[in-house]
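Each chain gets a letter, A, B and so on, in the order the sequences are listed, and its residues count up from 1. Quick caveat, the model's predicted, so the values are computed rather than measured.
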Protein chains: 2
Amino acid sequence: MPKVKQFNRGHVLQEAAHIFRQKGYNGTSIDDILKATGLSRSSLYDSFQDKHNLYLQALEMYKKQENQAYQEVHQKQLNGLEKIELVFSEVVKHLIENPHDNGCLMVNAAAEMSKQCEKTSQVVCNNKDEVQNLFDAWIKDAQKNNLVKLNKPVEFYGQFLYNTLCGLKVLSQSGAAKTELDNVVKVTLAALN
Amino acid sequence: MPKVKQFNRGHVLQEAAHIFRQKGYNGTSIDDILKATGLSRSSLYDSFQDKHNLYLQALEMYKKQENQAYQEVHQKQLNGLEKIELVFSEVVKHLIENPHDNGCLMVNAAAEMSKQCEKTSQVVCNNKDEVQNLFDAWIKDAQKNNLVKLNKPVEFYGQFLYNTLCGLKVLSQSGAAKTELDNVVKVTLAALN
DNA sequence: TAATAAGCGGAACGTATATTCCAAAACTTA
DNA sequence: TAAGTTTTGGAATATACGTTCCGCTTATTA
């Protein structure tokens, strides 16, 4: 009976996330999103309620995708240290790939929205905890295999690695070249010995 | 002859920087700024041209003030390592002091504006270089006094420290408690040994 | 093929926003 | 105290934006 949706919900959120990352929440207009997705105004409001909900859903999807990428690393036949190294090299690669379209929606959300939107704040906070936990697990594994020498509790290093990660995402938006990001990663990894 | 300005230019920029830091550029309206400063519309446009120029001037002032704080540390009778430690403890203290009004205009500018505004991008980039250079100098001093053991070029560590700094400012906007920031600083400083 | 239920295009609305402009107020100096 | 220059208050404007709404279109099923 009913006509079926002519667009893919995931693709729309993907595009929305892309624009929100570039222009921020308040810098992005509904028209920007309509233009980029080809959607009609009514379809958008029908499927995503309003701009604020669209943003939150795009942010959640972004988080889910990042998390999935981490899980893929987690499934690999690598030791904890190698997994950490892989994540950082992939992040740097991703940040550098397109110098004029880099950055991270999660970091930008923390900067622009977390003080004004409780829901955004929670997503950002949950993401932090989840990534740190994954880092913790990898560090423990590396410790078990005598690949690192730590003289502080494991969670210190999970927090430290996550902090480095956030820093890199800011640095890449501050005009840092690849060498600079690489150097930061080198010192960060050396801190585990 | 002329009536003298009824407001202090620095105070206005200070207030503007405060609001821009809280709400971002696009999230802040002229009315927000008028309300916070008590200025009249005409005075604001007379003295600061338009919103975009006001933002840039507020950002420049913010940078100058941060730089001045760094210079004050630089003048102290401390060795390089102590200066680094002092800066980090002051930054953490500052970020934690008011949990609902933390963050950093420079980091937020990098996230929200640097991709869209060349001038913002330049300020952010210059700030990075200046702080890194200062860190470099302090690290060299610490090295001279055998307070640190480094097996990589000095500038690696300047870049690394600046990265940690940016990370802290994102972390504090991601719901991190003081202990967490302290832990990050501890591991960062331990990386210099 | 006809009936049906949802998608869709686009006009319309109200509000918020950045900016301009002008006349009145206010301060300084002679 | 009066003249002159600047500030200042606030009305006015034009535009941009988020959101709603309605009638047409389209795909599905019986």
Does the structure place the NZ or CZ of Lys51(B) under 6.0 Å from the centre of the six-membered ring of Phe20(B), at an angle of no more than 45° from the ring's axis? no
If I take atom CZ in residue Phe7(B) and atom C1' in nucleotide dT8(D), what distance separates them, rounded to the nearest angstrom? 10 Å
Length of the line joining Lys35(A):NZ and dG10(C):P, which is rounded to integer Å: 14 Å
For nucleotides 13-22 of chain D, read 5' to 3', which letter fits each nucleotide if B means a protein heavy atom sits under 4.0 Å from the base, S means only the sugar-phosphate is that close, and - means neither? ----SSBBB-
According to a strict under-4.0 Å criterion, is Ser40(A) in side-chain N/O contact with OP1 or OP2 of dG9(C)? yes
To the nearest Å, give me how far apart CG (Leu54(B)) and P (dT17(C)) are. 16 Å
Leu44(B) CG - dT6(D) C1' separation (whole Å): 16 Å
So that I can tick it off, tell me whether Glu82(B) and Lys76(B) are bridged by a salt bridge, with the cut-off set at under 4.0 angstrom between side-chain N and carboxylate O. no
Got more than 12 heavy atoms from elsewhere within 6.0 Å of NZ, Lys35(A)? no
If I take atom CZ in residue Arg9(B) and atom P in nucleotide dT6(D), what distance separates them, rounded to the nearest angstrom? 16 Å
Separation of Leu39(B) atom CG from dG10(D) atom P, in whole Å? 13 Å
Check this for me: Gln75(B), atom CD, are more than 12 non-hydrogen atoms of other residues, nucleotides or ligands nearer than 6.0 Å? yes
Would one find more than 12 heavy atoms of other residues, nucleotides or ligands at under 6.0 Å from atom CD of Gln71(A)? yes
Output the rounded distance in Å from CG (Asp46(B)) to P (dC22(C)). 14 Å
Indicate whether any N or O donor in one side chain lies under 3.5 Å from an N or O acceptor in the other, for Lys115(A) and Gln173(B). yes
